[in-house]
Amino acid sequence: MMLEAYYSVEKTFYVIITSIGVPVNLLAITILSQGKCGLSTCTNRYLVAMGTADLMVIIIEVILYRISVHYFPVTVLNITPMESIRVVLSRIALDCSVWFTVAFTFDRFVAICCHKLKATYCTGKTAATVLTATGVLFCMKNVPFYFALEPRKIINNVPWFLEIKISYYTDPGWRGFDWFDTVLTPLLPFVAILILNALTVRHILVASRVRKGLKGRNKGESRTDPEMESRRRSVVLLFTLSGSFILLWLTTVTQFLYYQITGTGGEWNDSEYIFYKVGFLLSTLSCCTNTFIYVATQSKFREQVKNHITSVSVFIKKTSW
């Protein structure tokens, strides 16, 4: 009964994620690609890449698998080679979504805390190189997943559906790969983002105290510091994006640590299995939140959203006549 109730909720939730995630990510990609939001070239490229990876996760993992399982249980996509390719592409998209966030966090850390390195690292060219290298590496890293799967059924000599090979759980090579895969996403990014944000906050606090000391405490002197106010506003985007990532991936990280400490493997009771499924569900939800963060933190992005909505409204009115 518990699992049935959860699956009912999950089915509805994934439909909501799709209904929201696809249009908002397309909107974000369109607006950011135009470069009219007052952001640096490198920041723009990271955000566009993050939006693209998030959109791919929603299309490949949520629409082609999660929703398909609930509403279209048997389609041509369930032929084993097709499903195996989908698994690989889904893993690539998820890894890129996570690590593009890490790359963006590191870029902002360099921009705020490493002034000597900022001029050479925080450029559009570097961002393009980092994003391309990250994408290529994760394409290569996830190819082994194709060979970890096998058909669940053979019907008229056609392999259907898939399941993980037993050797994946027993062979030392596959077990090492599984551990490496889970540490790489999301444990290492989770820790890296926490550390980078902590160092960034420390640097901002130290710089703020130094500037206040240099400005002095004369009664007639203005207490406002435009440079520090600008710096604070510039890091709001960083902290909200990375903070959202940390909160929505916390359940998955907790589940991984629980798995490692207890050694329960895949033999979970219903509560543990639901906890695992909820963690994945929340991680896919993180692919829908970035656009709302841009709207909440970036005034120029809000202006562009209004302009696009107005343009669409005008177009609809003209075509309706």
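Owing to the predicted nature of the structure, the values given are computational and were not obtained by experimental measurement.
Salt-bridge check for Arg175 with Asp171: failed, with every basic side-chain N at 4.0 Å or more from each acidic carboxylate O. The pair Arg86-Glu61 meets the salt-bridge criterion, since a charged nitrogen lies less than 4.0 angstrom from a carboxylate oxygen.
Of all heavy-atom pairs between Cys96 and Phe138, the closest is SG-CB, 4.4 Å. Here the closest non-hydrogen pair linking Tyr168 and Ala148 is CD1-CB, 3.6 Å. Closest approach of Asn142 and Arg91 over heavy atoms only: OD1-CB, 3.2 Å.
A distance-only check finds a donor-acceptor pair linking the side chain of Thr240 to the backbone of Leu237 [under 3.5 Å]. Ser97 contributes no side-chain N or O that, together with a main-chain N or O of Ala93, makes up a donor-acceptor pair within less than 3.5 Å. A donor-acceptor contact shorter than 3.5 Å is absent between the side chain of Trp160 and the backbone of Val74. In this structure, His203 contributes its side chain and Leu199 its backbone to no donor-acceptor pair below 3.5 Å. Panel note: side chain Thr80, backbone Phe161; a donor-acceptor pair is recorded below 3.5 Å.
Ser90 OG to Met56 CE: the interatomic distance, rounded to the nearest 0.5 Å, is 11.5 Å. Atom CG of Leu149 and atom CD1 of Ile85 lie 11.5 Å apart (nearest 0.5 Å). Atoms SG and CD1, from Cys287 and Ile58 in turn, are 5.5 Å apart once rounded to the nearest 0.5 Å. For the atom pair Met82 CE and Thr75 OG1, the distance stands at 8.5 Å (nearest 0.5 Å). Rounded to the nearest 0.5 Å, atoms CD1 (Ile193) and CH2 (Trp249) are 10.5 Å apart. Distance check: Cys122 SG to Ile112 CD1 gives 9.0 Å after rounding to the nearest 0.5 Å.
The same ILVMFWY cluster, assembled from side-chain heavy atoms under 4.5 Å apart, contains both Phe239 and Ile195. Ile20 and Tyr14 are assigned to two separate hydrophobic clusters, defined by single-linkage of ILVMFWY side chains at heavy-atom distances under 4.5 Å. Leu257 and Val278 end up in the same hydrophobic cluster when Ile, Leu, Val, Met, Phe, Trp and Tyr side chains are linked at under 4.5 Å. Val143 and Ile60 fall within the same hydrophobic cluster, where Ile, Leu, Val, Met, Phe, Trp and Tyr residues are linked whenever their side-chain heavy atoms come under 4.5 Å apart, directly or through other members. Connection of Val253 to Val183 is established within a shared hydrophobic cluster, with ILVMFWY side chains joined at heavy-atom distances below 4.5 Å, either directly or through further cluster members.
Here Cys114 pairs with Phe109, Val110, Leu117 under the side-chain contact (heavy atoms from CB on, under 4.5 Å) rule; sequence neighbours left out. Legend: residues meeting salt bridge (charged side-chain N to carboxylate O under 4.0 Å, His left out) with Lys277, ordered by chain and number and at least two apart, are Glu10.
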Run the numbers on Phe245 and Val102 for side-chain contact (heavy atoms from CB on, under 4.5 Å), then give the verdict. CA-CA 10 Å; Phe245 171 85; Val102 176; 5.7 Å; no
Check the pair Asp107 / Thr126 against side-chain contact (heavy atoms from CB on, under 4.5 Å), numbers first and verdict last. CA-CA 10 Å; Asp107 177 85; Thr126 300; over 6 Å; no
Please walk me through it: do Leu241 and Met50 pass side-chain contact (heavy atoms from CB on, under 4.5 Å)? CA-CA 11 Å; Leu241 285 175; Met50 290 161 61; 4.2 Å; yes
Working note: Tyr121 + Phe106, criterion ring-ring contact (aromatic ring centres under 6.0 Å, His included); need CA distance, chi angles, decisive distance, verdict. CA-CA 10 Å; Tyr121 185 84; Phe106 182 74; 5.5 Å; yes
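Using the six-membered ring where Trp is involved, Phe301 and Tyr294 have ring planes that are perpendicular, over 60° apart on the 30 and 60° scheme.
Of the N and O atoms on the side chains of Ser244 and Thr289, at least one donor lies less than 3.5 Å from an acceptor on the other residue. The closest side-chain donor-acceptor pair between Thr129 and Thr132, if any, does not fall under 3.5 angstrom. No side-chain N or O of Glu83 forms a donor-acceptor pair with one of Tyr65 less than 3.5 Å apart.
Aromatic pair Phe13/Tyr6: ring centres not closer than 6.0 Å. Ring to ring, Phe145 and Phe177 are close: their centroids are under 6.0 angstrom apart.
For residues 22-41, the set of pairs meeting the side-chain hydrogen bond (donor to acceptor under 3.5 Å, both in side chains) definition, not counting sequence neighbours, comprises Ser40-Thr43.
With a 4.5 Å cut-off on side-chain heavy atoms, Phe72 and Asn78 do not count as touching.
Checked against Ser242 for a side chain to side chain donor-acceptor pair (under 3.5 Å), the options Thr101, Thr105, Asn197 give a single hit: Asn197.
The cationic group of Arg45 does not satisfy the cation-pi geometry with Phe100, failing either the under 6.0 Å distance to the six-membered ring centre or the 45° limit from the ring axis.
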